[in-house]
Amino acid sequence: MSVDSVPGLPAGSFMAPDWSAPQGVRALFTLREGGVSRGPWGGAASGQGGFNLGAACGDEPAAVADNRARLARAVPSAPRWLHQVHGVAVHEVLTPGRAGATSPIADAAVTDLPGEVCAVLVADCLPVLLADARGRAVGAAHAGWRGLAGGVIEACAARLRALLGESDAPLVAWLGPCIGPGAFEVGPEVLAAMRARLPEAEAAFVPRASGKYLADLPMLARQALASCGVDDVWGGTACTFSDAGRYYSYRRDGPTGRHAALIWIEPR
């Protein structure tokens, strides 16, 4: 199940994943409107009212703090923000309560604690949410091409299953908005990196006359999920680059805000 409304957040400031999440698992993805950020981090039409949640993308710290506080009031606990570095480290949320002052260096998080909110920030990179099919554990991964090539999705799935003590526990996944396959132009080094990770990676690349390629991040993510036994996969159709009204996009705009993809187990 997913959330249809969030007390404290205005309509149009988030989307609810459409997926087969198990009973008790909740998730949401924040959109561009609904906060207090301005300028490049603001809403698309007015330059104001942006719901930027990224603290390291040039926005006013006070605006980010306000936006994060609004979000924290709307979910069971303050999201466990990460210091993302396009890597493959997975942070385990093992104790309840307030997050520390310093965000752990990681690009994915998992937990089996009800009420603890895993979160990743994105602006063109692919957010991947994972849940145990019985609703006992959840995770979130930040999967740009470097993370995909490094195996961040596989690492997140493995740590989630390790929490359960079941190496083959069935999982369900949701792929959030990211830069779409018609807009994500990359060089041959990206294809080479993906080939080294995923045997069928070439199917996700369309060659261009320039010698570059258009890459399909959701297709690559589905390949990565399939490689670790996850075939119940939803989403992956929304393009951040092509919809300036709803999404931030670094490729499109340069300095811009960050969305959050969040997942948690409902508190008992």
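In this text the structure is predicted, and so the values were computed from the model without any measurement.
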Do you know the tightest heavy-atom contact between [X] and [Y]?
X    : Y    : result
P127 : V120 : CB-CG2, 4.2 Å
V88  : A155 : O-CB, 3.8 Å
A203 : Q223 : CB-NE2, 4.4 Å
A27  : P17  : O-CD, 3.4 Å
P22  : A133 : CB-O, 3.2 Å
G144 : L217 : C-CD2, 4.5 Å

[X] vs [Y] side-chain heavy atoms within contact, under 4.5 Å:
X    : Y    : answer
F14  : L71  : no
V25  : I263 : yes
R70  : V36  : yes
L175 : L225 : yes
L82  : D107 : no
Y248 : N52  : yes

Sidechain-backbone polar pair: [X] side chain, [Y] backbone, donor-acceptor under 3.5 Å:
X    : Y    : answer
R68  : L53  : yes
E266 : Q23  : no
D216 : M219 : yes
R252 : F241 : yes
W41  : C57  : yes
T240 : I179 : yes
D124 : Y250 : yes

Hey, what do you get for [atom1] ([X]) to [atom2] ([Y]), rounding to the nearest 0.5 Å?
X    : Y    : atom1 : atom2 : answer
E116 : I265 : CD    : CD1   : 10.0 Å
C239 : R246 : SG    : CZ    : 12.0 Å
C118 : W264 : SG    : CH2   : 11.0 Å
L262 : L28  : CG    : CG    : 5.0 Å
M194 : W145 : CE    : CH2   : 7.0 Å
F51  : T30  : CZ    : OG1   : 6.0 Å

Please answer: with hydrophobic residues joined when any side-chain heavy atoms are less than 4.5 Å apart, are [X] and [Y] in the same cluster?
X    : Y    : value
V233 : F29  : no
W174 : L171 : no
W81  : V117 : yes
V110 : V172 : no
L126 : L160 : yes

| task | Go through the steps to decide whether V152 and H142 satisfy the test side-chain contact (heavy atoms from CB on, under 4.5 Å), and finish with yes or no. | result | CA-CA 8 Å; V152 69; H142 162 238; over 6 Å; no
| query | How would you list, by chain and number, every residue that makes a salt bridge (charged side-chain N to carboxylate O under 4.0 Å, His left out) with R222, sequence neighbours excluded? | reply | none
| task | Please identify each residue that fulfils salt bridge (charged side-chain N to carboxylate O under 4.0 Å, His left out) with R136, with sequence neighbours left out. | result |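 Testing R136 for salt bridge (charged side-chain N to carboxylate O under 4.0 Å, His left out), a comparison that skips the adjacent residues, returns D132, E166.
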| request: Would you please test L31 and M15 for side-chain contact (heavy atoms from CB on, under 4.5 Å) and show each step? | output: CA-CA 7 Å; L31 300 176; M15 63 185 289; 4.2 Å; yes
| field | Test log, rule side-chain contact (heavy atoms from CB on, under 4.5 Å), inputs H91 and V93 | value | CA-CA 6 Å; H91 174 61; V93 180; 3.8 Å; yes
| request: May I ask you to check whether over 12 heavy atoms, not counting those of R134, lie within 6.0 Å of atom CZ? | output: no
| field | Sequence neighbours excluded, every pair satisfying salt bridge (charged side-chain N to carboxylate O under 4.0 Å, His left out) that has a member inside residues 196-210 | value |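 Qualifying pairs, neighbours excluded: E154-R197, E185-R208, R195-E202.
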| message | Quick one, R161 with C228, criterion side-chain contact (heavy atoms from CB on, under 4.5 Å). Give me CA distance, side-chain angles, the key distance, then yes/no. | response | CA-CA 11 Å; R161 286 167 166 153; C228 54; 4.1 Å; yes
